[in-house]
Amino acid sequence: MFARKHVAKDGHTCDSLAEKIIDDWLFRRHIEHRRAIKYPGNPSLTVDFIVGSYWIEFFGLYGEHTRYDELRREKLQLAKQHKLHLIELYPKDISRLAVKLKSIML
């Protein structure tokens, strides 16, 4: 479902160019982050990034693939069920990461 892999400046392997952009954005700001952490309740699903107590998902294919949209719904439900602080990012958000991710910089 994903395009070719990309390696971020910090060595993290990303599933898309957009994820690499997000990873590099975090790295440039010295924001410690982890990648591909399993969701509680479904270890087959992983979150794109974790920064502190925030879970960050980039839903780049939302609305383009039925199966992708089903996985998105499942992740949103797991986040709600486990009271995770989930930040949803979409392609339109790539140019305004400082606004969308302001809560992790506090």
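E32 CD: 12 or fewer foreign heavy atoms inside a 6.0 Å radius. Remark: Q81 CD is packed, more than 12 non-hydrogen atoms of other residues, nucleotides or ligands lying under 6.0 Å away.
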For L86 and E57, what are the C-alpha separation, side-chain angles and deciding distance, and is it a side chain to side chain contact (heavy atoms under 4.5 Å, CB included)? CA-CA 7 Å; L86 181 67; E57 282 284 7; 3.7 Å; yes
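For the pair L101 and W25, the minimum side-chain heavy-atom distance is below 4.5 Å. Taking the side chain as every heavy atom from C-beta outward, I87 and S103 approach each other to under 4.5 Å. In this structure, the side chains of K80 and Q77 stay at 4.5 Å or more apart for every pair of heavy atoms. The shortest side-chain heavy-atom distance between N42 and E74 falls under the 4.5 Å cut-off.
Residues I104 and V99 do not share a hydrophobic cluster, defined by chaining ILVMFWY side chains whose heavy atoms lie under 4.5 Å apart. Criterion: ILVMFWY side-chain heavy atoms under 4.5 Å apart, direct or through other members. Under it, I37 and L78 are part of a common hydrophobic cluster. By the criterion of side-chain heavy atoms lying less than 4.5 angstrom apart, applied directly or through intervening Ile, Leu, Val, Met, Phe, Trp or Tyr residues, L84 is grouped together with L71 in one hydrophobic cluster.
Ring-centre distance between Y62 and Y68: not below the 6.0 Å cut-off.
The distance from the CD1 atom of I94 to the CD1 atom of I22 is 4.0 Å, given to the nearest 0.5 Å. In this structure, CZ in F59 is found 5.0 Å from CG in L76, a value given to the nearest 0.5 Å. Interatomic distance, I50 CD1 to R34 CZ, rounded to the nearest 0.5 Å: 4.5 Å. Here I56 contributes atom CD1 and L97 contributes atom CG; the two are 9.0 Å apart, rounded to the nearest 0.5 Å. The distance from the CD atom of E19 to the CG atom of L17 is 10.0 Å, given to the nearest 0.5 Å. Distance NE2/H6 to CG/D23: 12.5 Å, rounded to 0.5 Å.
A cation-pi geometry, defined here as NZ or CZ lying under 6.0 Å from the six-membered ring centre and within 45° of its normal, holds between R35 and F49.
Of the possible donor and acceptor atoms, one in the side chain of D48 sits under 3.5 Å from a partner among the backbone N and O of F58. The closest donor-acceptor contact from the side chain of H33 to the backbone of I31 lies under 3.5 Å.
Looking at R28 and D24, no side-chain N of the basic residue comes within less than 4.0 Å of a carboxylate O on the acidic one, giving no salt bridge. Using a cutoff of 4.0 Å between basic side-chain nitrogens and carboxylate oxygens, E88 and R72 are scored as salt-bridged.
Between V7 and K20, the shortest heavy-atom distance links the atoms O-CE, 3.2 Å. Annotation for G60 and P91: closest pair O-CG, 3.7 Å, computed over non-hydrogen atoms.
Take W55 and apply the ring pair (Phe, Tyr, Trp, His ring centres under 6.0 Å) test, not counting sequence neighbours, and it matches Y39.
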